[in-house]
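Here is the structure we will look at.
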Amino acid sequence: MPLPEPEPVPEPEPVPGPAPEPVPVPWPEPEPQPWPDVDEPEWPDGWAQADGRVPVSAFGAAPPPDAANPATSRWRRTGRFLARPWLLALVGFFLISAGWAFASPMSSSPDEPSHMVKAAATARGEFVNSTSRHEVKGGFEKTWLGYPLPAKYATLDAMSACFRFQLTSAACGKKFGTDERTKIVETSAGNYNPTYYLPVGLPSLFLPGVGALYGMRLMSALLNSALLAAAVGVAAGWRRPGWPVIGVVACGTPMTLFLSGTVNSNGMEATAAVLAWTAAMALALDDDPKPRQVTRRAIALGVGGVLLANTRSLGLLFMLSVLVALAVVAGPRMIARLVRYRAVQIVLAVLVAGAVAAFLWNRYSDRLTTQAQSFGFLTPGVIATEVFWNSGTYIVQVVGSLGWLDVALPPGSVIAWYAVAGLLALCALGCARWRETLVLVALVLGTVLIPIAAQVAEARRVGIGWQGRYILAWVVGLPVLAGLLVARRVGPDLPAALERRVPTVAAIVLGLAGVGAFYWSMTRYAHGGFKKYGPYPIQWAPPGGWAIWWVVYSIGLIALVATVAMRRRDALWRPSPPPPPPA
């Protein structure tokens, strides 16, 4: 018997109410186009500019900040600020320099006792003094100037005298004195320009005991690290920053960072030169500079150039060399374009004033130390021959010959640095134009020829005393220019893997070279020998022990590797799309 069919259920009557909203049609996004007359973006991807322009990357539109969660947005901003290349570089360079400041026994940097006396005197307002004596010893001539200082500063030389130039541990070093009575303390750096020594000597005014000496070292480390970080900031402004940044990081040779962490004006000569070279070459190579970029680079050139000219006697010539290289690489048309900017005009005036000040100081200081030629028997031919045959030693010393030139680095550290520098130079020569090639070749040849010319001019008076660190302000121009050239000429055609990986791998290689340098120096001072590869027995240790400064130094190296590896993505600017019309 069939079942009865169910009665159909009536459909509910529609309840009157508002009509459903229409589905919005997606607004077509315009093609990404560069925003006219603005600088390249400096905000991290995903952040909107105040006037409504937002960054767009190759991976699509960047999401706006999380306005619904202010805490997340704040943490995101903080994280991206801390990842900025210049800040990472500042932390990295300072921690490495601080590691050298504490891991190196006091007065173990070249002529550091004299430089500390000069810094302490300059901070106390003793800029010049005519009390002097001349001394010819060991084939060199020195002029000693005396300054009224606490008598304890006369004990600086004894702090390292027992282990200089001999393989003994630093345990025999004397302690810093405690006599606060004023006496005349002599220094062989008395005629040096006071620009570097004034800020470095300030900690000696208020820190007690040996803390004043470490305070001066840390002030020197901070000053030099800031100059190097500023150079990284200029290099990181390029669209493909990996190669320019590794060029700047390569300038931080173990010798440069060792001098930065001790009291020696040679350190600031090198770091100021890095900033001047980076800013000058960035100005010369950018075919389409934005006004704000030109202003930043010009200010960097002004700071680096003035400090370079007013650090050591050759600094003025090195500064002029940077300006000549800028003119050659840029060419007449680019120079004519740059000088139209008000910022460039002001910086040129500042550079002229700084050059005049450096020239006047050099003339005055020469009068303090002028005397009859102590080595009149040296002929130009003899001088040139000896300096030329020592060129190999000077080239190795550019990378590092620490202490009083009695701490040679392991061969691997020297080879690693020159491998990276050679890679940069060869890549740059492969893509350089003739003007740029001319400057690159001049930088290579000048490394050999400048010491010869300088010694021929001075050796009859002061003896043949050239060292590789004296040419650092010239040599650093090579990796800086090479890195910028690769980024400028090869950038669009360079495979992404090479662009990303090669600078990072090069930074790791330089980091390993730095580890070798630090360990070699540790074994030298801890137990007085290089062939005792184990860390024990420890006869001398820095304040706090070796472990803490190994950690500090290693964190600094990691920060520098991160500086090179952290790449912001290429970004284009476009206006925010207009809102859709109301329904």
Side-chain angles (χ1 to χ4, degrees), residues 93 96-97 100-101 104 107-119 122 140 142 160 164 187-201 216-228 231 251-277 304-319 321-322 358 361-362 365 393-407 409 447 450-451 454-455 458 462 465-477 517 521:
F93 284 124
I96 293 173
S97 300
W100 284 117
S104 303
S107 299
S108 63
S109 175
D111 298 315
E112 188 174 32
S114 289
H115 291 294
M116 284 187 164
V117 170
K118 171 70 175 179
T122 304
F140 306 103
K142 285 187 176 181
S160 63
R164 289 201 299 257
T187 171
S188 61
N191 62 330
Y192 285 22
N193 195 303
T195 303
Y196 164 79
Y197 298 98
L198 179 59
V200 170
M216 286 194 281
R217 280 185 168 187
L218 289 178
M219 182 63 75
S220 176
L222 181 60
L223 174 62
N224 289 296
S225 299
L227 293 173
L228 291 173
C251 296
T253 67
M255 191 70 189
T256 301
L257 299 180
F258 168 73
L259 292 172
S260 298
T262 56
V263 180
N264 194 312
S265 58
N266 203 173
M268 194 177 82
E269 181 185 45
T271 56
V274 174
L275 179 58
W277 277 107
V306 169
L307 292 179
L308 175 59
N310 288 274
T311 304
R312 292 171 61 88
S313 57
L314 286 178
L316 178 58
L317 296 179
F318 287 139
M319 185 201 78
S321 300
V322 173
W361 177 267
N362 290 342
S365 64
T393 301
Y394 303 147
I395 290 173
V396 171
Q397 290 175 350
V398 166
V399 181
S401 188
L402 311 181
W404 289 65
L405 303 184
D406 58 355
V407 185
L409 297 190
T447 305
I450 289 176
Q455 287 293 271
E458 290 290 331
V462 300
W466 188 266
Q467 300 175 24
R469 60 190 176 94
Y470 298 156
I471 198 67
L472 274 170
W474 176 268
V475 174
V476 295
S521 178

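All figures in this text were calculated on a predicted structure; none of them were measured in a lab. By convention here, the first residue in the shown sequence is residue 1.
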[X] [atom1] to [Y] [atom2] distance, which is reported to the nearest 0.5 Å:
X      : Y      : atom1 : atom2 : result
Thr271 : Leu223 : OG1   : CG    : 6.5 Å
Met268 : Thr311 : CE    : OG1   : 3.5 Å
Leu317 : Asn362 : CG    : CG    : 8.5 Å

Shortest non-hydrogen separation from [X] to [Y] and the atoms involved:
X      : Y      : result
Phe258 : Ser108 : CZ-O, 4.0 Å
Ile471 : Pro451 : CD1-CD, 4.4 Å
Phe318 : Trp474 : CE2-CB, 3.8 Å
Tyr192 : Ser265 : CD2-OG, 3.7 Å
Ala309 : Met319 : CB-SD, 3.8 Å
Val322 : Ala276 : CG1-O, 3.7 Å

Full working for side chain to side chain contact (heavy atoms under 4.5 Å, CB included) between Met216 and His115: CA-CA 10 Å; Met216 286 194 281; His115 291 294; over 6 Å; no
Contacts of type side chain to side chain contact (heavy atoms under 4.5 Å, CB included), residue Ala273, not counting sequence neighbours: Trp277, Leu308, Ala473, Val476
Would you say the side-chain atoms of Tyr196 and Ser220 include a donor-acceptor pair closer than 3.5 Å? yes
Measure from the side-chain N and O atoms of [X] to the backbone N and O of [Y], and report whether any donor-acceptor pair falls under 3.5 Å.
X      : Y      : answer
Trp361 : Ser313 : no
Asn310 : Asn193 : no
Thr187 : Ser114 : yes
Glu112 : Asn264 : no

Expected list for residues 398-405: side-chain donor-acceptor pairs under 3.5 angstrom, two or more places apart:
residue	atom	partner	partner atom	Å
Trp404	NE1	Ser107	O	2.9
Trp404	NE1	Ser109	O	3.3

Give a yes or no on whether a salt bridge exists between Glu269 and Arg469, defined as a side-chain N under 4.0 angstrom from a carboxylate O. no
Result for side chain to side chain contact (heavy atoms under 4.5 Å, CB included) between Thr253 and one of Leu472, Leu409, Leu259 points to Leu472
Does some side-chain heavy atom of [Y] sit less than 4.5 Å from a side-chain heavy atom of [X]?
X      : Y      : answer
Trp100 : Ser260 : no
Asn224 : Thr256 : no
Leu227 : Val274 : no

For a side chain to side chain contact (heavy atoms under 4.5 Å, CB included) check, start with the C-alpha distance between Ile450 and Tyr470, then their side-chain angles and the critical distance, and finish with the verdict. CA-CA 10 Å; Ile450 289 176; Tyr470 298 156; over 6 Å; no
